Amino acid sequence: MASSSRLQLAAGLIATASLVAAAPCDLYASGNTPCVAAHSTTRALYSSYAGPLYQVKRNSDGKTKNIKPKIAGGVAHSAAQDSFCASTTCVITTIYDQSGRRNDLTPAPPGGAAAGPGSNGFDLPADATAAPVTLDGQRAYGVYISPGMGYRNDDTSGIATADEPQGIYAVLDGTHYNDGCCFDYGNAETSNDDTGNGHMEAIYFGNNSFWGAGAGNGPWIMADLENGLFSGMNPEENPNDPSITARFVTAVVKGKPNHWAIRGGDATSGGLGTYYNGARPSVEGYNPMSKEGAIILGIGGDNSISGQGTFYEGVMTSGYPSNKVENQVQANIVDARYATA
Ligand SMILES: *[C@@H]1O[C@H](CO)[C@@H](O)[C@H](O)[C@H]1NC(C)=O
């Protein structure tokens, strides 16, 4: 091999290595649309993050333990959970925000639609072992949401409000869904009540077709913008929003003044498709938006608790991410090698 091509090969290896090393939130930061919330029970979402990913609480004595990545930027140290929870059961009590803004998620308080089945009407936490997977061959656990479970933070920092731009992605189990309302991840009301059209901007995943639907029988990635699950501008139907068949799905919803988009793909291979990219729904209340900046996971904005699904990782950004950055994030997710355990 000529020395010049050897140099090119070395440069290529370095470029590849640094691309792999850049985690989703490093990539969003490089696009000037930084993560303002980063949640995952499976891995660090910054290449340098070594802090707690989530907290488990065990049934035997009520003690809690934080689970961290094995190395900075790495996969969750699930063996620490396994030994802490040995011969008892554990639930996930906190999903920490890796962005440094303390936008942590804890079981959601009661809302206008429903009180949860937990104490004082709070939603139940997820079983800590119900969604085992591997990333790059290493065992980790997702957040398995059944109806009555859900997480929330009503007192956030840096999350978009009003008509400010934001992006969201989540990696979900494409085979765990229902038609209840609403398995969501994203921006919602700070009051736990339905305060009107445009007061939410969250990813919805499932086959609820009450407000709108995509092609086929679902499940679909849609946007919960409050008082509607939207697959596109027309709330009734968007034939370009496909039924999802992947076991692991990457779901994207992003919005800015009078513009929003839905994107998605198989989290284990290939790129992201754009399922909608255009104007806000023409129904009154969605342009401009009235986002409030709370964060929900597994529930609707008014604590509707009939949805189900499984969440592995997701972020919310400040600013409207470019397709280019999202495509790099998708490549990083594929490199994480999600697989069934
Ligand atoms: C949603 O999917 C489930 C499972 O395939 C099915 O039983 C249910 O009827 C579907 N709901 C709707 C509204 O299509």
Side-chain angles (χ1 to χ4, degrees), residues 22-40 45 99 159-160 164-174 177 182-188 200-206 212 214-215 218-225 229-233 238 240-256 259-281 289 291 295-297 309-336 338:
C25 288
D26 305 317
L27 295 164
Y28 282 112
S30 74
N32 289 320
T33 52
C35 294
V36 286
H39 301 114
S40 178
L45 299 176
S99 79
I159 303 296
E164 288 174 353
Q166 76 167 8
I168 319 169
Y169 89 83
V171 177
L172 308 169
D173 181 340
Y177 62 90
C182 290
F183 180 77
D184 290 347
Y185 174 67
N187 196 321
M200 294 179 63
E201 187 172 82
I203 291 170
Y204 165 80
F205 184 71
W220 305 282
I221 302 165
M222 296 194 279
D224 191 340
L225 305 178
L229 300 176
F230 292 87
S231 60
M233 184 175 177
N238 171 11
N240 294 321
D241 192 21
S243 291
I244 299 294
T245 56
R247 168 61 175 81
F248 295 97
V249 56
T250 306
V252 170
V253 166
K254 56 183 170 179
K256 61 184 179 181
H259 197 101
W260 66 290
I262 302 175
R263 307 186 72 212
D266 183 333
T268 66
S269 69
L272 296 176
T274 298
Y275 303 156
Y276 178 73
N277 179 34
R280 293 287 186 183
M289 294 286 282
K291 286 175 258 193
I295 306 172
I296 52 169
L297 171 60
T310 299
F311 174 92
Y312 301 107
E313 62 176 71
V315 311
M316 298 170 68
T317 69
S318 174
Y320 189 83
S322 67
N323 284 359
K324 182 181 163 206
V325 163
E326 285 166 355
N327 295 346
Q328 291 170 347
V329 169
Q330 164 68 1
N332 171 275
I333 294 165
V334 170
D335 278 342
Y338 273 94

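FYI, side chains are in, hydrogens and waters are out, and symmetry mates aren't considered; it's all heavy atoms of this structure. Remember, predicted model here, so these are calculated numbers, not experimental data.
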Heavy-atom check, side chain of I221 versus side chain of I244, under 4.5 Å: yes
Quick check: do L27 and N332 have side-chain heavy atoms less than 4.5 Å from each other? yes
Look up atom OH in Y177 and atom CZ in F205, then write down how far apart they are to the nearest 0.5 Å. 7.5 Å
Residue list, disulfide bond (SG atoms under 2.5 Å apart) with C182, at least two apart or on another chain: none
Qualifying side chain to side chain donor-acceptor pair (under 3.5 Å) pairs with a residue from residues 28-38, counting only residues at least two apart or across chains: none
Shortest non-hydrogen contact between S99 and C35, atoms and distance: CB-O, 3.8 Å
Quick check on the 6.0 Å ring-centre criterion: do Y185 and F311 meet it? yes
Any donor-acceptor N/O pair, K291 side chain to E164 backbone, under 3.5 Å: yes
Short side-chain donor-acceptor distance under 3.5 Å, T250 and Q330: yes
Smallest separation among heavy atoms of N238 and S231, with atom names: ND2-O, 2.7 Å
Tightest non-hydrogen contact, residues S40 and L45, listed as CB-CD1, 3.9 Å
When rounded to the nearest 0.5 Å, the distance separating CD of Q166 from CE of M289 is 8.0 Å
Determine, using ring centers only, whether Y338 and F248 are less than 6.0 Å apart. yes
With the side chain counted from C-beta on, respond yes when L297 and H39 share a heavy-atom pair under 4.5 Å apart, and no when they do not. no
Taking every heavy atom of A188 against every heavy atom of M200, the minimum-distance pair comes out as CA-CG, 3.9 Å
K254 side chain to I262 backbone, donor-acceptor under 3.5 Å: no
Flag, side chain of S318 to backbone of P34, donor-acceptor distance under 3.5 Å: no
If I compare all heavy atoms of S243 with all of W220, which pair ends up nearest, and what's the gap? OG-NE1, 3.7 Å
Is any side-chain heavy atom of P321 closer than 4.5 Å to one of Y169? no
Could you work out, with side chain to side chain donor-acceptor pair (under 3.5 Å) as the rule, every residue matching D224, not counting sequence neighbours? none
When you check the gap from the basic side-chain N to the acidic O, do R280 and E201 get nearer than 4.0 Å? yes
Reported CD1-to-CG distance for the pair I295 and N187, which is rounded to 0.5 angstrom: 8.0 Å
Which residues satisfy the salt bridge (charged side-chain N to carboxylate O under 4.0 Å, His left out) test with D241, sequence neighbours excluded? none
For the residue pair Y204 and F230, establish whether any side-chain heavy-atom pair is separated by less than 4.5 Å. no
Tabulate below the donor-acceptor pairs under 3.5 Å that side-chain atoms of residues 271-279 make, not counting sequence neighbours, or state none.
from	atom 1	to	atom 2	distance (Å)
T274	OG1	R263	NE	3.0
Y275	OH	G264	O	3.2
Y276	OH	A279	N	3.1
Y276	OH	A279	O	2.6
N277	OD1	H259	NE2	2.7

Nearest 0.5 Å please: distance from the CG atom of D173 over to the CZ atom of R247. 3.5 Å
Write down the atom of L225, the atom of P281, and the distance for their closest heavy-atom approach. CD1-CG, 3.9 Å
Test of understanding: with side-chain contact (heavy atoms from CB on, under 4.5 Å), list the residues that count as partners of D266, not counting sequence neighbours. A246, T268, S269
Say you draw a straight line from CG of L229 to CD1 of I203; how long is it, rounded to the nearest 0.5 Å? 13.0 Å
